[in-house]
Amino acid sequence: MPPKRKATSQTPSEGPATKKTAFEALQPSVKTEPKTEPEFETKIKSENAPDYEDPNRERLEEEYGVIQRDFYPAEMSNERCAQYNANEIPRPIEVLTQAVQKTAFARKKIEVGDAVVHWFKRDLRTKDNRALHLASEKAKSKGVPLICLFIVSPQDYRAHLTAAVRVDFELRTLRVLKDDLAAKDIPLHVETVEVRKKAPGRIIELCQSWGAKHIFCNIEYEVDELRREAKMTNTCLEKGIDFHAVHDDVVVPPGNLTTGQGKQYSVYTPWYKAWVRHLHENPTMLDEFAAPEQNPPSAREKYADIFKTTIPPAPENKKLSDEERERFKSLWPPGEHEALDRLNKFLEKKINKYKDARNIPSANSTGVISVHLSTGTLAARTAIRSARNVNTSDKLDAGNEGIKTWISEVAWRDFYKHVLAHWPYVCMSKPFKYEYTKVRWEYNDEHFARWCEGRTGFPIVDAAVRQMHSMAYMHNRCRMIVASFLAKDLLLDWRMGERYFMEHLIDGDFASNNGGWGFSASTGVDPQPYFRIFNPLLQSEKFDEQGDYIRKWLPELKDIKGKAIHDPYGRGAGKQAEKAGYPKPMVDHKVCRDRCLARYKEGLGRTTA
DNA sequence: AGGAACTTTAA
DNA sequence: TAAAGTTCC
């Protein structure tokens with residue numbers, strides 16, 4: 001699966017591997033007498049690494065798709081990042097909050113119309129859904145029907161790099177949701193709006209056609225979405241409609257947790273302590289929101305045409321092949337019932353061993369509910385509450401070690417959403433540490449292609465990428481390993497990897513994905529200092545000791561015995577690997593490590609992290 | 001949510 | 001001499 005490139009201009013590639021000569025030329029003084037003579041398939045040198053001032057940099061960022069100029073024309077500058085941090089530019093979340101507050105009085109006076117609308121976005125469930133619950137309550141208060149709505153916007157999928165497999169999962173989930181709602185005589189209207197900016201207008205039109213005066217929805221924390229909801233709050237009010245956007249996606253809403261100085265936390269551990277304390281002080285925040293109630297029977301007739309419609313197939317730009325559709329259908333059953341089943345089975349059978357086993361990718365020891373959290377077939381609140389309820393303590397940071405650990409992992413999701421809300425420029429192709437924009441990243445087609453294809457010659461890296469291609473999923477430990485390899489070993493622009501993950505993972509979520517890549521590239525919050533560079537071989541030996549994971553995803557290496565599995569060419573199984581068509585390591589980790597340290601230092605203009 | 005180099009300690 | 005601990009990157 002080669003990377004997609006936008007532009008036609010090609011950078012000169014290195015051509016076929018020059019092996020020994022290249023290695024020797026670069027390392028004339030290395031004299032450690034390796035037992036097996038190292039051979040590497042590509043040279044490590046800077047081909048295409050423009051500095052911050054280089055006019056080529058912007059061109060490359062566009063060409064490699066880390067900035068989508070067609071959707072986001074204005075460049076986000078370091079100066080503007082600094083202005084956000086100095087509170088000189090209002091954050092989108094603040095703009096929305098203000099719009100909500102300013103309109104609150106006027107909206108409260110709006111009488112219930114002929115129906116109440118809930119707009120589904122990333123909350124594709126009926127249970128424990130705050131906005132849906134509020135919509136149902138509002139409808140009940142006047143005995144009018146609840147109508148649900150979902151907008152498919154192919155252009156939005158393009159702008160947000162949504163994976164086709166993720167779109168497929170959403171559409172399959174909508175079929176489950178439609179049936180569940182229909183059982184309560186609640187219609188679900190699904191409509192395709194090609195141009196994303198036209199979606200709000202169309203939603204308002206639909207509401208007017210139904211005589212509805214209330215639209216409920218749950219807030220999404222990306223910049224486009226926050227700005228859209230802020231605007232909708234005002235536009236709707238002008239038309240006599242109460243647009244009601246509420247916090248639900250996170251367990252604790254962003255902004256609730258601040259340091260002693262009233263600042264946003266940017267380091268996980270103190271943030272987590274505050275998060276736990278906040279939930280202990282406000283235990284009702286974990287309470288479940290009841291599913292919507294039965295509609296009046298008249299709704300069946302009144303909205304007969306909506307009940308008759310079916311969920312559309314995937315839009316042209318997000319179609320899977322037949323083979324993929326079948327594979328993913330059996331791997332990832334859709335809907336909230338599946339989500340709850342998975343959660344409960346995990347809590348019953350696996351969570352006790354989670355602490356020790358969670359980092360072993362072959363152990364099948366994690367919950368694998370990420371796709372449900374990201375599409376909202378499962379609320380993070382439901383996950384945390386359920387784990388608490390099976391714990392020996394009602395405290396989130398006490399009792400069973402496995403449960404404690406798992407809760408703190410789910411909390412990372414909240415953390416990264418808080419980060420996104422407070423530092424919105426991470427959503428505008430800037431790293432949290434925006435001064436890292438000055439690090440010179442490589443843009444090397446051959447290297448990127450080999451990473452994307454899982455042919456780097458580092459078995460643990462390749463196994464992980466192949467898992468992603470096969471399952472549209474990757475174990476978290478492996479995500480860190482492959483991300484570190486792209487950012488630190490290959491020194492490729494980490495945003496290329498971020499994008500590739502979004503385009504291939506079924507659970508792709510902007511905040512978590514961006515946060516994870518920022519972590520691995522050391523450009524994000526809670527930074528590991530940039531000199532923390534994963535050694536792929538050590539990671540492999542530590543977390544896939546017997547090589548089970550590697551053998552599973554790299555079947556060509558399945559007959560390689562013992563420790564050679566981690567490094568066939570370096571451990572005497574080179575002939576076997578070569579025969580099986582498995583490539584030599586594309587680079588020398590030690591050389592890469594040194595280059596990485598030098599490049600980060602150069603970019604930051606200093607010698608410490 | 002590391003690793004390499006170096007130092008100390010136990011066998 | 002190897003494992004365990006420490007420090008620095």
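The chains referred to below are lettered A, B, ... by the order of the sequence lines, with proteins before strands, and numbering in each begins at 1.
- Using cut-offs of 30° and 60° on the angle between ring planes, the pair A/Tyr582 and A/Tyr569 is parallel.
- Ion pairing of A/Glu225 with A/Lys121 is absent here, as no side-chain N (NZ or NE/NH1/NH2) approaches a carboxylate O to less than 4.0 Å.
- Looking at A/Asp248 and A/Arg125, a side-chain N of the basic residue comes within less than 4.0 Å of a carboxylate O on the acidic one, giving a salt bridge.
- When distances are taken from the side chain of A/Phe519 to each of C/dC9, B/dA1, B/dA4, the shortest belongs to B/dA1.
- Among the nucleotides B/dA1, C/dC9, B/dG2, the one closest to the side chain of A/Gln539 is B/dG2.
- Between the CG atom of A/Asp489 and the C1' atom of B/dG3 there is a distance of 13 Å, given to the nearest Å.
- Checking the phosphate oxygens (OP1, OP2) of B/dA1, a side-chain nitrogen or oxygen of A/Arg358 falls inside 4.0 Å.
- To the nearest angstrom, C1' of B/dG3 lies 12 Å from CG of A/Leu537.
- For A/Phe531 and B/dA1, the CZ to C1' distance is 15 Å, given to the nearest whole Å.
- In this structure, A/Phe485 atom CZ and B/dA1 atom C1' are separated by 19 Å, rounded to whole Å.
- We find that CZ of A/Arg413 is positioned 19 Å from C1' of B/dA1, with the value rounded to whole Å.
- In this structure, A/Lys601 atom NZ and C/dC8 atom P are separated by 15 Å, rounded to whole Å.
- Picking from B/dA1, B/dG2, B/dA4 the nucleotide with the shortest atom distance to the side chain of A/Leu538 gives B/dA4.
- Across the protein-nucleic acid pair, A/Trp271 atom CH2 and B/dA1 atom P stand 15 Å apart, rounded to whole Å.
- In this structure, A/Phe415 reaches neither bases nor backbone, as no heavy-atom distance under 4.0 Å exists between it and the strands shown.
- Salt bridge status for A/Arg385 with A/Asp128: present, with a side-chain N to carboxylate O gap under 4.0 Å.
- To the nearest angstrom, P of B/dG3 lies 11 Å from CD of A/Glu541.
- Of the candidate nucleotides C/dC9, B/dA1, B/dG2, B/dA1 has the atom nearest to the side chain of A/Trp412.
- When heavy atoms are screened at a 4.0 angstrom cut-off, A/Phe534 is found touching the sugar-phosphate backbone but no base atom.
- Checking the phosphate oxygens (OP1, OP2) of C/dC8, no side-chain nitrogen or oxygen of A/Arg532 falls inside 4.0 Å.
- Between A/Asn535 and B/dG2 there is no side-chain polar atom (N or O) within less than 4.0 angstrom of OP1 or OP2.
- With respect to the salt-bridge test (charged N to carboxylate O, under 4.0 angstrom), the residues A/Asp51 and A/Lys438 do not qualify.
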